[in-house]
Amino acid sequence: MEQLLYSAPLAGIIGLVFAVYLVSYIMKLDAGTEKMKAIASAIQEGAMAYLNRQYKTVAVIAVILAILIGVTINIETAIGFILGAVMSAAAGYLGMNISVRSNVRCANAAKEGMAKALDVAFKGGAVTGISVASLALLGVSGLFIAFGGDVSAVDKVVGFGFGASLISLFARIGGGIFTKAADVGTDLVGKVEAGIPEDDPRNPGVIADNVGDNVGDCAGMAADLFETYAVTALGAMLIGVTVMNEFPNAVIYPLTLGAAAIIASIIGIFFVKLGKSGNIMGAMYNGAIVAGIISLVLFYVITQQMMKGDIRLFISALIGLGVTAAMILITEYYTSTTHKPVKDIANASVTGPGTNVITGLAVGLQSTALPVIVICAGILSSYLIMGGASNPALGLYGIAIAAAAMLSVTGIIIAIDAYGPITDNAGGIAEMAELPKEVRDITDPLDAVGNTTKAVTKGYAIGSAALGALALYAAYSSEVSKLLGDGKTLELNLSDPLVLVGLLIGGMIPFLFTSFLMGAVGRAATTIVTEIRRQFREIKGIMEGTGKPDYGRCVDIVTIAAQKEMIIPGLLAVLSPLVVGFIFGPVALGGLLIGVIISGLMLAIMMTTGGAAWDNAKKYIESGNLGGKRLPDGSKNPTHAAAVVGDTVGDPTKDTAGPAINPLIKVMNIVAILFAGLILKYYILKP
């Protein structure tokens, strides 16, 4: 079966070659007029300047941690940590680089119609998707092979997951603060105070807003799902070690599933075509469905070859893909303009911003129920189908395989997500370059669907994080039990006050973490509001179009604010499991991990789905419903103004705080696994 192990890095290389092909295709397309190119260039420069500064800041923390890991654990784990951090950063760089070049080409393609613009935007997003999945699989499998490809190599690869998680955490935090501070500040002064359209070139914050779409929704999501993919595969491999008596290939099985799904995702990309119905979301779902079906066929063949044809493992993988489909459909229901929740928020806007916010909160809170039920069903069914009632280790492996299968189709799912910032930027470029109304009539519906796709993929990321984190917790429990020896196991007894302390602290951390991020967006947005007001006041001729705003100043202000604000929440994630573990011990740390998974899952779903529903309620009104943007006499529509307030509240919840909870959960779990030996040595085995 050794040749099947090598299929994983081979699939990663094939995926990267395909990504290069897509880049070549996109770069050959016409980028439009000189004015369009100048605007796109400003977005590119701002995005790259931000990302360079962010990674320089994170590099300092990464070097310190690498030295600490090398000294306290071993040098191989430190090497894995560095490689994971570098490859995660590379995934973000690669995805954002093509995103900021696809946007202007999408805007220009809109002159030829909806089908062409969709093709450019989706293939631009596919570069990010395929690159992320390929790099993650190549990194995990390549390092596993380099360290010997045996049981002892698995523990050393855990460092790779920590490196990926660290970059993901800071990318999500910093990028989220940047994008929403720029968006909120720009909208509050531009749309609400000055009454000018979104993406109006007279607004000094408009370039910063477009930069934010890329550093938050593209680079941030790329790093997020890169580490989710990597740590979920690692979790499955770690649990696989415990069931090798039943399945000798249990450790490498998750890697081969990932290899198969990359090939399936590449094929699925070619099926994303706009049909006669003009259904944009349906076109992208076609690709995802094809990728899912091909993956299942390949999963069955692989299971027959590697795992004694045990149909239970194939069913576990099928359950994982089923959870993916269910999460996508549920999130679309709560965030699409065609369904009741978004329309309810829009209708509530008729009576003012207060009722809009109340209804939006209700939708966000309600949106947690169905995903949690689906995740619970996935956990129980994959556990029981593997005989978990009589063999808990096999049951946990079933859950891990469901999570690995769910993450295996990351390539095409991220393609659907990364489409969003490309179309958002395309609409902004069309507005700033003063392209004909017919172009905006193409980019606006593409952008509206982009809001839903971003919400859908965040729902997917949260669901996969929940299953993946559970697998990671099981790996932590297994690691502690292995270190204890003599048949001892880590048991969490609710009558033990240490367990309750861990649960309560773990449940609290996502709320404290979120408060840091929401506060950071508020403070950074305040600086942007002040700067935009200053420019409107001091630079003559801006509103008349004869004076040029200082776009670069706004980009610099948000960049500095994001870098400053991301440190404390990042350290909270890294240090909290160490503090609890060393002070209260491994039992309390186990409670901490369970607590953060439970409260983090609920809070992340509520914030991302609710925020997206607020956003699309505003877009539903802007499309001409409930009076549109302006009343027949030309005055502002108060219903639209109320929806803008709701959208402003929802912006940092859906694009900053909510998505950042994903890496928070996984960083805490991976830190616990990595330092379990030191914690045990200090707490239990101390004199």
Side-chain angles (χ1 to χ4, degrees), residues 47 50-62 65 84-85 88-89 91-93 95-96 162-184 208 211-228 231 421 454 458 461-462 465 509-525 527 557-577 596 600 603-604 607-608 611 651-671:
Y50 170 79
L51 213 56
N52 287 336
R53 188 177 296 186
Q54 174 177 279
Y55 286 148
K56 283 178 184 176
T57 303
V58 178
V60 175
I61 299 171
L65 286 171
S88 181
Y93 264 120
M96 199 186 68
F162 185 32
S165 296
L166 184 75
I167 294 297
S168 167
L169 180 69
F170 283 105
R172 268 302 192 195
I173 294 171
I177 293 169
F178 184 108
T179 184
K180 289 304 108 179
D183 191 3
V184 169
V211 168
D213 292 330
N214 293 288
V215 300
D217 285 325
C218 188
M221 176 60 83
D224 184 358
L225 281 173
F226 176 93
E227 67 97 11
T228 301
V231 301
K454 287 185 284 187
K458 282 166 188 162
I462 293 165
I509 282 176
F511 290 87
L512 180 61
F513 178 80
T514 297
S515 76
F516 287 144
L517 299 189
M518 295 291 283
V521 171
R523 288 186 292 274
T527 63
I557 286 173
V558 193
T559 298
I560 293 168
Q563 298 304 298
K564 176 184 174 184
E565 297 278 6
M566 73 180 186
I567 300 299
I568 291 177
L571 291 177
L572 174 67
V574 174
L575 296 179
S576 55
V596 77
L603 193 58
M607 298 186 94
T608 53
D651 268 339
T653 70
K654 72 180 174 68
D655 289 328
T656 306
I661 294 173
N662 286 347
L664 167 76
I665 294 170
K666 286 167 288 183
V667 163
M668 290 176 64
N669 276 271
I670 207 81
V671 167

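S576 places a side-chain N or O within donor-acceptor distance of the main-chain N or O of L572, the cut-off being under 3.5 Å. For the pair S168 (side chain) and A164 (backbone), a donor-acceptor distance under 3.5 Å is absent. Side chain of T653 to main chain of M607: a donor-acceptor pair is present (N/O by atom type, distance under 3.5 Å, no hydrogens or angles). A donor-acceptor pair under 3.5 Å is formed between the side chain of T514 and the backbone N or O of P510.
Between L51 and Q54 there is a side-chain heavy-atom pair separated by less than 4.5 Å. Between T559 and R53 the shortest side-chain heavy-atom distance falls below 4.5 Å. Residues T57 and F170 form no side-chain contact, since every pair of their non-hydrogen atoms from C-beta on lies 4.5 Å or further apart. Counting only heavy atoms from C-beta outward, the side chains of F513 and I173 approach each other to under 4.5 Å.
The CG atom of L65 lies 5.0 Å from the CZ atom of F162; values are rounded to the nearest 0.5 Å. In this structure, D655 CG and R172 CZ are separated by 8.0 Å, a value rounded to the nearest 0.5 Å. The distance from atom CD of E227 to atom CD1 of I167, rounded to the nearest 0.5 Å, is 11.0 Å. In this structure, CD1 on I568 lies 11.0 Å from CG on L517, to the nearest 0.5 angstrom. With rounding to the nearest 0.5 angstrom, the CD1 atom of I560 is 9.5 Å from the OG1 atom of T527. Here I661 contributes atom CD1 and L603 contributes atom CG; the two are 4.0 Å apart, rounded to the nearest 0.5 Å.
Closest of all the heavy-atom pairs between V574 and V671 is O-CG1, 3.8 Å. Nearest heavy-atom pair, M668 versus I509, reported as atom, atom and distance to 0.1 Å: CE-CD1, 3.8 Å. The two atoms that bring A181 and V558 nearest to each other are CB-CG1, 4.0 Å, heavy atoms only. Of all non-hydrogen atoms in A520 and I177, the two that sit nearest each other are CB-CD1, 3.7 Å. The heavy-atom pair separating P652 from M518 by the smallest distance is CB-SD, 3.8 Å. The two residues P659 and T656 have their closest heavy-atom pair at CD-O, 3.7 Å.
Screening F178, Y55, Y93 against Y50 for a ring pair (Phe, Tyr, Trp, His ring centres under 6.0 Å) leaves a single residue, F178.
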Pair M566-V58, side-chain contact (heavy atoms from CB on, under 4.5 Å): steps then yes or no: CA-CA 10 Å; M566 73 180 186; V58 178; 3.9 Å; yes
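More than 12 non-hydrogen atoms from other residues, nucleotides or ligands lie less than 6.0 angstrom from CG of L575.
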